[in-house]
Amino acid sequence: MTVDQRIIVPLDVPSASAALALVEALPQVSFWKVGLELFVSAGPALIEALKARQKRIFLDLKFHDIPNTMAGACAAAGRYGVDLFTVHTAAGKEAMVAAQTAAIAGAAAAGVEPPTVLGVTLLTSIAPNVLAEELRIPLESTSYVLQMARLAQDSGLQGAVCSPQEASQLRRFLPADFALVCPGVRPTWASSQDQRRTLTPLQALQAGATYLVIGRPITAAPDPAAAFERICDECSTAIAP
């Protein structure tokens, strides 16, 4: 993959019209993320609109429920023909196994390629003190993320979502074809905002990230197309296609 194919831009807007306007304004972006706000607002019709424009889609709904409910939701998501979608690893192994099996079955029933199901390890907005003091998890964040990523792999999932700061450790313990999708990526010239465990795009790729999720540094920039190209240029100097 080239650098531009490894950057996923979130459609963090409230409506289908706003989302498609952003897609049209950034034709060089091939991979878009549809999250909770937009999917609840626009529904599956937006997925079809993106597919009609030959875009790759990361459906980031972070399913987290009992195994039977997870299976039903993932079977439905599998039918959309998206490239990636997410479930929470905290739902446990039984739920993740059910999610993976159902996603494959849903895709087969619809005659589309099955998605890569990703396990969300720990939200990038959660700082280590929050993990310890609020969630009462007696592990360092890096150890917790590794445990949850391994659980995702053991459950048959094909990848995980982690902060870029954990990517290098995960790469030491997980197969090369296990996808690592990293939000919380911020260029040096952009604010970290509500992200707590960040690296620059180049650092994240060097750490072993497969895909980078980069939103506001691109979409909130005065010139979003120029910001996207700047990130690609900064990364391509050291990352081979």
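Computation of the quantities below employed the complete heavy-atom set of this structure, encompassing side-chain atoms and omitting hydrogens, waters and symmetry-equivalent molecules.
Within 6.0 Å of CZ in Arg136 there are 12 or fewer heavy atoms belonging to other residues, nucleotides or ligands. More than 12 heavy atoms of other residues, nucleotides or ligands shown are found within 6.0 angstrom of CD on Glu229.
Atom CG of Leu50 and atom OH of Tyr80 lie 13.0 Å apart (nearest 0.5 Å). Note that NE2 of His88 and CE of Met96 are 11.5 Å apart. Values are rounded to the nearest 0.5 Å. Here the CD atom belonging to Gln169 is positioned 9.5 Å from the CG atom belonging to Leu174, to the nearest 0.5 angstrom. The distance from atom CG of Leu131 to atom CD1 of Ile137, rounded to the nearest 0.5 Å, is 4.5 Å. Considering CE of Met70 and OG1 of Thr101, their distance stands at 11.5 Å, rounded to 0.5 Å. Here the CZ-CG distance, from Arg230 to Asp223, works out to 11.5 Å after rounding to the nearest 0.5 Å.
Looking only at distances, a side-chain donor or acceptor of Thr86 sits under 3.5 Å from a matching main-chain atom of Leu61. Remark: the backbone N or O of Leu180 is paired with a side-chain donor or acceptor of Thr210 at under 3.5 angstrom. Under a 3.5 Å cut-off, the side chain of Thr69 and the backbone N or O of Asp65 do not form any donor-acceptor pair. Without hydrogens or angle criteria, Glu48 side chain to Ala45 main chain gives no donor-acceptor distance under 3.5 Å. Side-chain atoms of Ser155 never come within 3.5 Å of backbone atoms of Leu157 as a donor-acceptor pair (strictly under, hydrogens ignored). Within the 3.5 Å criterion, the main-chain N or O of Glu37 finds no donor-acceptor partner in the side chain of Ser41. In this structure, Thr89 contributes its side chain and Val120 its backbone to a donor-acceptor pair below 3.5 Å. With hydrogens and angles ignored, the 3.5 Å screen pairs a side-chain donor or acceptor of Lys51 with a backbone N or O of Gly81.
Ile66 and Phe63 are assigned to two separate hydrophobic clusters, defined by single-linkage of ILVMFWY side chains at heavy-atom distances under 4.5 Å. Hydrophobic cluster membership is shared by Tyr144 and Ile126, with clusters built from Ile, Leu, Val, Met, Phe, Trp and Tyr side chains linked at under 4.5 angstrom. Both Val161 and Leu151 belong to a common hydrophobic cluster when Ile, Leu, Val, Met, Phe, Trp and Tyr are linked at side-chain heavy-atom distances under 4.5 angstrom. Under the 4.5 Å side-chain heavy-atom criterion for Ile, Leu, Val, Met, Phe, Trp and Tyr, Val130 and Met148 are members of the same hydrophobic cluster. Both Ile47 and Leu20 sit in one connected hydrophobic cluster of ILVMFWY residues. Membership requires side-chain heavy atoms under 4.5 Å apart, directly or through other members.
Minimum interatomic distance between Ile7 and Cys232 (heavy atoms only, all atoms of both residues): CD1-SG, 3.8 Å. Nearest heavy atom pair, residue Ile8 against residue Pro10, reads O-CD, 3.7 Å. Closest non-hydrogen pair, Pro217 versus Ala227, comes out as O-CB, 3.5 Å. Between Leu26 and Pro224, the closest heavy-atom pair is CD2-C, 3.7 Å. Scanning both residues, Glu166 and Ser141, for their nearest heavy atoms gives OE2-OG, 4.2 Å. Between Ala167 and Cys182, the shortest heavy-atom distance links the atoms CB-SG, 4.2 Å.
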Original post:
Can Thr219 and Val9 be said to form a side-chain contact (heavy atoms from CB on, under 4.5 Å), step by step?
Top reply: CA-CA 8 Å; Thr219 58; Val9 179; 3.7 Å; yes

**OP:** Given side-chain contact (heavy atoms from CB on, under 4.5 Å), test Gln158 with Phe178 step by step and report yes or no.
**Re:** CA-CA 5 Å; Gln158 298 167 297; Phe178 189 80; 5.6 Å; no

**OP:** Please lay out, stage by stage, how Val23 and Lys55 fare under the test side-chain contact (heavy atoms from CB on, under 4.5 Å).
**Re:** CA-CA 9 Å; Val23 171; Lys55 302 300 183 182; 3.9 Å; yes

Subject >> Test log, rule side-chain contact (heavy atoms from CB on, under 4.5 Å), inputs Ser163 and Leu122 >> reply: CA-CA 8 Å; Ser163 92; Leu122 182 67; over 6 Å; no

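Sorted by first and then second residue, the salt bridge (Lys or Arg N to Asp or Glu O under 4.0 Å) pairs with a member in residues 15-32 read Glu24-Arg53; sequence neighbours excluded.
Annotation: side chain of Cys74 is in contact with side chain of Val87 (closest heavy-atom distance under 4.5 Å). Here the side chains of Leu84 and Pro115 are not in contact, with every heavy-atom distance at 4.5 Å or above. Put simply, the side chain of Leu205 reaches to within 4.5 Å of the side chain of Arg6, judged on heavy atoms. Within the 4.5 Å cutoff, no side-chain heavy atoms of Glu234 are placed close to those of Leu202. Looking at heavy atoms from C-beta onward, Asp12 lies in side-chain contact with Lys33 at the 4.5 angstrom threshold. No side-chain heavy atom of Leu146 sits under 4.5 Å from any side-chain heavy atom of Thr142. Between Thr116 and Phe85, every side-chain heavy-atom pair lies at or beyond the 4.5 Å cut-off. No side-chain heavy atom of Val112 sits less than 4.5 Å from a side-chain heavy atom of Arg79.
Electrostatic pairing of Lys62 and Asp60 counts as a salt bridge here, judged by a charged N lying under 4.0 Å from a carboxylate O.
Each of Phe58, Tyr211, Phe228 was checked for a ring-ring contact (aromatic ring centres under 6.0 Å, His included) with Phe31, and the lone residue meeting it is Tyr211. With Val185 as the partner, the side chain to side chain contact (heavy atoms under 4.5 Å, CB included) test is satisfied by one option alone out of Leu212, Ile231, Val213: Leu212.
Counted by atom type alone, Thr121 and Arg150 present zero donor-acceptor pairs between their side chains at under 3.5 Å. Inspection of the Ser143 and Glu140 side chains reveals no N or O donor paired with an N or O acceptor under 3.5 Å.
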